[in-house]
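None of the values given here were measured: they were computed from a predicted structure.
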Amino acid sequence: MTVADRQNICQSVDMRKLGSFISILGVVALLAGLFTNFVVVPRAKRLPSDLNTNITYDGTLALALNPEAVTTLDLPNLFLRDIPITVDRTVTVEEVDGGKALVRSQAAVLDPNGNPVNGTDSWYSVDRKTMQAIDNFTDTNPDPQDRTGLVTGFPIGTEKIDYTGWNGEAEVTTQLEYVGEEDREGNDVYHFTAVNPAAKIVNPDPNALPPALPKTQLLALASVLGLPAETATQLAGALELAPDPVPITYTFASTNNYYVDPGTGILIDYDTSESRTAGIEIAGGFQPLADVWQLSFE
């Protein structure tokens, strides 16, 4: 994408409003809801108590639902496409207690001009060596959620084995499969992959993913989504019995590759392809309506 293309996008989209469309990007764009990577001191035996590091990523949001267009039925602008973004992330250790650490991950999403449009602020209680999630151990933690598996990076002394990671979108565990040992631009790394099949998002961001839509709006939107005739007929029948407004369900799916320095657990390289799909639940099943988020990040 050229500089001119970026400027055109900035002129056509109010970047201040963009934050409502990508408010969850700070977490999922980097590691697809699994865990946040950070840089540790090489050869350290455990996560340093004074960790304070900044990491910057560049990427493109290929598709994002425009909630404002949904509300106003501005159908030609229902989706935003091909938006260049930068994520500026700071990771710090806020507190330690022996082998336990409270890790804070802050991310600011920036437009092509470097203006902040939104961000996230996440807290994790972890084992300082294994990086596994542990029970909250401090009153300092403002977000003491129960999590399982790797939530803040790979272990110091990563092994050639499969690991259990955490899918924060569906709030379930996921397998981090060991693929093999590779050379990544002169670095001897372990390659892991994780495939998350479509699963219901537990707590979708209401600013980015509307939790419900009036029947009239949903029918109007469905008319421009290019649904197969059979699906459109099923939708019309289901809406007759549905409450008004109609609850919307969202699913998340991703494929991720991680290239890890085995000694430190540092993530040397990473790529992901992820999507979110909107739909409604009919007779206990999920009827997809449209993709509302597509992101490829490397």
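Heavy atoms only, all atoms of each residue included: Asp261 and Thr158 are closest at O-OG1, 4.4 Å. The shortest non-hydrogen separation linking Pro84 to Asp82 is CD-O, 3.5 Å. A pairwise comparison of heavy atoms in Thr264 and Ile266 identifies OG1-CG1, 2.9 Å as the closest pair. Between Leu225 and Leu289, the shortest heavy-atom distance links the atoms CD1-O, 3.8 Å. Between Ala212 and Ile248, the shortest heavy-atom contact is CA-CG1, 4.0 Å. A pairwise comparison of heavy atoms in Pro245 and Pro214 identifies CB-N, 3.7 Å as the closest pair.
Between Asn167 and Thr174, the side chains place no donor N or O within less than 3.5 Å of an acceptor N or O (distance only, hydrogens not considered). Counted by atom type alone, Gln132 and Asp127 present zero donor-acceptor pairs between their side chains at under 3.5 Å. Looking only at atom types and distance, the side chain of Asn66 has no donor-acceptor partner in the side chain of Glu68 under 3.5 Å away. In this model, no donor atom of one side chain and acceptor atom of the other lie less than 3.5 Å apart for Thr251 and Arg276. Using modelled atom types, one finds no donor on one side chain facing an acceptor on the other under 3.5 Å when comparing Asn196 with Glu274.
Listed for the Tyr270 side chain is no donor-acceptor partner under 3.5 Å among the backbone atoms of Val260. Counting only distance, with no hydrogens or angles, the side chain of Arg128 and the backbone of Ala101 share no donor-acceptor pair below 3.5 Å. Checked by atom type and distance alone, the side chain of Thr233 pairs as donor or acceptor with a backbone atom of Ala229 at under 3.5 Å.
When side chains are defined from C-beta on, Thr92 does not count as touching Leu51, because their heavy atoms never get closer than 4.5 Å. Contact of the Thr140 side chain with the Leu102 side chain is registered, since non-hydrogen atoms from C-beta on lie closer than 4.5 Å. Side-chain contact between Thr164 and Leu150: absent, with no pair of heavy atoms (C-beta onward) separated by less than 4.5 Å. No side-chain heavy atom of Thr90 sits less than 4.5 Å from a side-chain heavy atom of Thr53. With contacts defined as side-chain heavy-atom distances shorter than 4.5 Å, the pair Pro211/Tyr250 does not qualify. Residues Glu185 and Ile268 are not in side-chain contact: their nearest non-hydrogen atoms beyond the backbone lie 4.5 Å or more apart. No side-chain heavy atom of Asp188 sits less than 4.5 Å from a side-chain heavy atom of Asp183. Using a 4.5 Å cut-off on side-chain heavy atoms (C-beta onward), Pro142 and Trp123 make contact.
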Pair Gln106, Val91 - check side chain to side chain contact (heavy atoms under 4.5 Å, CB included), show working. CA-CA 6 Å; Gln106 299 170 280; Val91 182; over 6 Å; no
Side chain to side chain contact (heavy atoms under 4.5 Å, CB included) between Met131 and Leu47, intermediate numbers included: CA-CA 8 Å; Met131 306 306 168; Leu47 182 65; 4.0 Å; yes
CA sep, side-chain torsions, deciding dist, call: Leu209, Val292, side chain to side chain contact (heavy atoms under 4.5 Å, CB included): CA-CA 8 Å; Leu209 303 174; Val292 295; 3.8 Å; yes
Evaluation steps, side chain to side chain contact (heavy atoms under 4.5 Å, CB included), between Val70 and Leu213: CA-CA 9 Å; Val70 172; Leu213 291 173; 3.4 Å; yes
Trace of the side-chain hydrogen bond (donor to acceptor under 3.5 Å, both in side chains) decision for Asn256 with Asp271: CA-CA 6 Å; Asn256 317 276; Asp271 64 75; over 6 Å; no
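Interatomic distance, Glu177 CD to Gln175 CD, rounded to the nearest 0.5 Å: 5.5 Å. To the nearest 0.5 Å, the span separating CZ on Phe252 from CD on Glu169 amounts to 5.0 Å. In this structure, Ser275 OG and Trp293 CH2 are separated by 11.5 Å, a value rounded to the nearest 0.5 Å. In this structure, CG on Asp146 lies 8.5 Å from CH2 on Trp166, to the nearest 0.5 angstrom. Interatomic distance, CG of Asp269 versus CG of Asn187, reported as 9.5 Å (0.5 Å rounding). To the nearest 0.5 angstrom, Thr60 atom OG1 is 14.5 Å from Arg81 atom CZ.
The side chain to side chain donor-acceptor pair (under 3.5 Å) contacts involving residues 280-291 comprise Lys200-Glu281, Thr249-Glu281, Thr277-Asp291, Asp291-Gln294, where partners must be two or more places apart or lie in separate chains. The salt bridge (Lys or Arg N to Asp or Glu O under 4.0 Å) contacts involving residues 90-110 comprise Arg104-Asp121, where partners must be two or more places apart or lie in separate chains. The ring-ring contact (aromatic ring centres under 6.0 Å, His included) analysis of residues 191-241, with sequence neighbours excluded, yields the pairs Phe154-Phe192, Tyr163-Phe192, Tyr178-Phe192, His191-Tyr259.
Linking Ile, Leu, Val, Met, Phe, Trp and Tyr residues whenever their side-chain heavy atoms come within less than 4.5 Å leaves Val246 and Leu241 in two separate clusters. Val202 and Val172 end up in different hydrophobic clusters when Ile, Leu, Val, Met, Phe, Trp and Tyr side chains are linked at under 4.5 Å. Taking hydrophobic clusters as Ile, Leu, Val, Met, Phe, Trp and Tyr residues chained together by side-chain heavy-atom distances below 4.5 Å, Val195 does not share a cluster with Ile161. Cluster membership for Ile280 and Phe286, using ILVMFWY side-chain heavy atoms within less than 4.5 angstrom, is not shared.
Other residues, nucleotides and ligands contribute at most 12 non-hydrogen atoms within 6.0 Å of the CG atom of Asp139.
Scanning for side-chain contact (heavy atoms from CB on, under 4.5 Å) contacts around Asp74 gives Ala69, Thr72, Pro76, Asn77, with sequence neighbours left out. In terms of the side-chain contact (heavy atoms from CB on, under 4.5 Å) criterion, residue partners of Pro144 (sequence neighbours excluded) are, by chain and number, Asn136, Asn141.
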Could you list the donor-acceptor pairs under 3.5 angstrom formed between side-chain atoms of residues 216-224 and any protein atom two or more places apart in sequence or on another chain?
{"from": "Gln217", "atom 1": "NE2", "to": "Thr71", "atom 2": "O", "distance (Å)": "3.1"}
{"from": "Ser223", "atom 1": "OG", "to": "Ala220", "atom 2": "O", "distance (Å)": "2.4"}

